[in-house]
Amino acid sequence: MSFSTMLSSMGEGMLRSCAIFILTILFSMPLGMIVMFLRRSRFTIVREITKIYIAIMRGTPLMLQLLMWYFGPYYLFGMNIRGYRFTAILLGFSMNYAAYFAEIYRGGMETIPVGQYEAAEILGYNKVQTFFKIILPQVLKAILPSVTNEIITLVKDTSLAFTLAYNEMFSIAKQIAASQTSFMPFVIAGVFYFAANYLVAFIMERIEKAFDYYK
Amino acid sequence: MILQMNGIKKSFGDLEVLKDISMHVDSGEVVSVIGPSGSGKSTLLRCATFLETIDAGDISYMGRSAVTTNANGVATYVHHAELSQIKRYFGLVFQQFNLFPHYSVLKNIMDAPVHVQKRHKEEVRAEAMELLRKMNLENRADAYPCQLSGGQQQRVAIARALALKPEILFFDEPTSALDPELTGEVLKVIRQLAEEKMTMVVVTHEMPFARAVSNRVIFMDKGVIVEEGDPEQVFGDPTQERTIQFLRNYQR
């Protein structure tokens with residue numbers, strides 16, 4: 001198998017990896033915001049349930065969680081869902097990353113001095129205005145380095161989709177490596193992840209710079 | 001009468017911080033509140049501005065009742081919409097300035113009049129620039145708070161409060177977070193506002209300032225008003241032993 005054939009068969013896998021990555025970001029980042037609010041709820045019961053959710057998401061392997069999402073409906077409820085594979089992958093990734101993002105957001109929220117809320121209240125801002133105009137921009141600035149870390153981890157974690165026999169890039173690389181007894185697919189995979197993360201770091205650095213205008 | 005507070009009580013847990021405090025502020029008056037740390041001065045201000053809820057007592061602004069206490073001693077605040085209306089009567093300048101760091105000086109001043117009071121942007125901008133001129137900061141409109149000294153930040157905070165055109169302005173130790181050499185520029189601005197007959201309540205440790213600027217001085221200790229009166233009387237000829245002691249310690 002020539003290098004270019006190898007590359008083209010892995011190309012399709014790269015697109016799949018990218019799809020997992022982009023959709024997970026799209027779902028988990030807003031979802032994390034909701035989880036963060038639940039985690040900070042004034043109702044103890046809501047807070048405690050959210051804490052348990054976060055503990056499970058962080059305390060068990062993502063690989064195991066993916067298997068649970070995919071096989072759980074069948075083994076637990078006897079449900080047989082067709083074409084569920086990709087949905088299960090997205091559920092697994094999004095629910096897992098939402099928990100991590102929620103904790104990052106929560107850490108960011110705690111950096112905001114209470115005086116900011118009090119000033120906003122005295123000036124007459126309502127709760128929604130206070131959050132979106134005053135608090136959130138400052139939280140975003142505070143959490144950007146941690147978010148970068150998380151996104152970089154996600155790029156590499158997309159390879160876990162092989163657990164559910166989804167043909168993302170890394171699964172294909174392993175197949176080719178085994179059938180051709182070649183090390184080359186792994187080199188290509190490594191370059192792909194590295195390049196993707198280089199791009200992520202570059203973009204995130206730009207965003208951080210955009211927030212540099214104030215301390 | 002702009003502000004009327006009667007029988008205010010406030011406890012934090014077992015600690016009784018305000019014990020039956022009553023005070024009023026008339027239009028154009030400058031009232032200084034002095035007293036040792038922990039005497040309840042700041043808490044009184046925070047209760048007056050609804051940052052803390054009182055346990056008992058009545059508060060009203062411009063004759064509109066914000067909180068009342070019934071015969072059973074239960075303090076009840078008016079509903080949200082009415083309270084929001086009443087909140088427009090006052091402004092508050094914090095010890096720590098609490099400017100919004102991600103907004104420029106001008107946006108700090110303009111944002112609430114435009115987005116809370118829904119006033120016309122160009123009209124607000126003109127007023128904001130006028131306020132900055134008054135604060136001697138007209139060339140810092142585009143700066144960010146982190147680029148300003150503490151004294152400049154506090155003057156921006158005063159301009160931000162004034163932009164909403166309050167009937168009364170509260171100051172919570174406005175110079176306590178400043179280097180001594182920067183307190184002068186902030187006090188000068190407050191003095192200027194006093195000359196323009198802005199109604200103000202100032203919690204302060206600056207005794208010469210309180211004596212020179214106020215129409216009335218309130219000395220608080222351990223959650224009660226110990227002595228209240230004309231500044232010359234309170235500072236020059238205090239009647240209460242506790243006041244004499246406090247002022248003597250202060251001069252040392």
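The structure presented is a predicted model; accordingly, all values stated were derived computationally and were not measured. We name chains A, B, ... by the order of the sequence lines, and we start the count at 1 in each one.
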**Student:** Counting only N and O atoms by type, is there a donor-acceptor contact under 3.5 Å from the side chain of Gln129(A) to the main-chain atoms of His115(B)?
**Tutor:**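 Yes, Gln129(A) side chain to His115(B) backbone: donor-acceptor pair under 3.5 Å.
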**Student:** Roughly how far, to the nearest 0.5 Å, is the CG atom of Leu164(B) from the CG atom of Leu123(A)?
**Tutor:**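 Rounded to the nearest 0.5 Å, the CG-CG separation comes out at 5.5 Å.
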**Student:** Counting only heavy atoms from other residues, nucleotides and ligands, does the tally under 6.0 Å from CZ of Phe186(A) exceed 12?
**Tutor:**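 Correct, the count exceeds 12.
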**Student:** Checking Phe94(B) against chain A: side chain, backbone, both or neither under 4.5 Å from a heavy atom?
**Tutor:**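 The side chain, not the backbone.
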**Student:** With a 4.5 angstrom heavy-atom cut-off, is it the side chain or the backbone of Arg46(B) that approaches chain A, or both, or neither?
**Tutor:**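 The side chain, not the backbone.
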**Student:** Does atom CG of Asp142(B) have more than 12 heavy-atom neighbours from other groups under 6.0 Å away?
**Tutor:**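 Check fails, neighbour count at 12 or below.
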**Student:** Could you tell me the separation between the NZ atom of Lys87(B) and the CD1 atom of Ile122(A), rounded to the nearest 0.5 Å?
**Tutor:** 7.0 Å
**Student:** Looking at Phe194(A), I want to see if its CZ is surrounded by more than 12 non-hydrogen atoms of other residues, nucleotides or ligands under 6.0 Å.
**Tutor:** no
**Student:** Please classify the contact of Tyr103(B) with chain A as side chain, backbone, both or neither, using a heavy-atom distance under 4.5 Å.
**Tutor:**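 Just its side chain gets close to chain A.
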**Student:** Flag yes if more than 12 heavy atoms outside Gln192(B) fall under 6.0 Å of its CD atom; otherwise flag no.
**Tutor:**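 Yes - once you tally the heavy atoms of other residues, nucleotides and ligands closer than 6.0 Å, there are more than 12.
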**Student:** Quick check: does any side chain N or O of Tyr214(A) sit under 3.5 Å from a backbone N or O of Gln147(B), one acting as donor and the other as acceptor?
**Tutor:**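 No, the answer is negative, given that no donor and acceptor are paired below the 3.5 Å cut-off.
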**Student:** Less than 3.5 Å apart, which donor and acceptor atoms pair up between the side chains of residues 52-64 of chain A and the rest of the protein, not counting sequence neighbours?
**Tutor:**
{"residue": "Tyr53(A)", "atom": "OH", "partner": "Met95(A)", "partner atom": "O", "Å": "2.6"}
{"residue": "Thr60(A)", "atom": "OG1", "partner": "Ile56(A)", "partner atom": "O", "Å": "2.9"}
{"residue": "Thr60(A)", "atom": "OG1", "partner": "Gln65(A)", "partner atom": "NE2", "Å": "2.8"}

**Student:** Got a sec: does the CE of Met184(A) have more than 12 other heavy atoms crowding it under 6.0 Å?
**Tutor:**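 For Met184(A), atom CE is not crowded (no more than 12 foreign heavy atoms under 6.0 Å).
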**Student:** Could you check if a side-chain atom of Pro101(B) sits within less than 4.5 angstrom of a side-chain atom of Lys215(A), using non-hydrogen atoms only?
**Tutor:**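 When only atoms from C-beta onward are counted, Lys215(A) and Pro101(B) do not touch, as no gap falls below 4.5 Å.
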**Student:** Shortest non-hydrogen contact from Asp111(B) to Tyr125(A)?
**Tutor:**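 Residues Asp111(B) and Tyr125(A), closest heavy atoms: OD2-OH, 2.7 Å.
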**Student:** Does a sphere of radius 6.0 Å around CG in Leu15(A) hold more than 12 heavy atoms from other residues, nucleotides or ligands, not counting ones at 6.0 Å or beyond?
**Tutor:**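 Enclosed.
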**Student:** For Tyr213(A), is it the side chain, the backbone, both or neither that has a heavy atom under 4.5 Å from a heavy atom of chain B?
**Tutor:**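 Both backbone and side chain.
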**Student:** So which part of Ser84(B) gets closer than 4.5 Å to some heavy atom of chain A, the side chain, the backbone, both or neither?
**Tutor:** neither
**Student:** Check the surroundings of atom CE in Met204(A): do more than 12 heavy atoms from other residues, nucleotides or ligands lie under 6.0 Å from it?
**Tutor:** yes
**Student:** Any side-chain to backbone donor/acceptor pair from Gln116(A) onto Leu99(B)? Under 3.5 Å, distance only.
**Tutor:**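 The answer is yes, because a donor-acceptor pair under 3.5 Å joins these two groups.
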**Student:** Please classify the contact of Glu118(A) with chain B as side chain, backbone, both or neither, using a heavy-atom distance under 4.5 Å.
**Tutor:**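 Both parts, backbone and side chain.
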**Student:** With only heavy atoms counted, which part of Lys133(A) is less than 4.5 Å from chain B, the side chain, the backbone, both or neither?
**Tutor:**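 Lys133(A) touches chain B through backbone and side-chain heavy atoms alike.
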**Student:** Do other residues, nucleotides or ligands put more than 12 heavy atoms under 6.0 Å from the CZ atom of Phe12(B)?
**Tutor:**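 Correct, the count exceeds 12.
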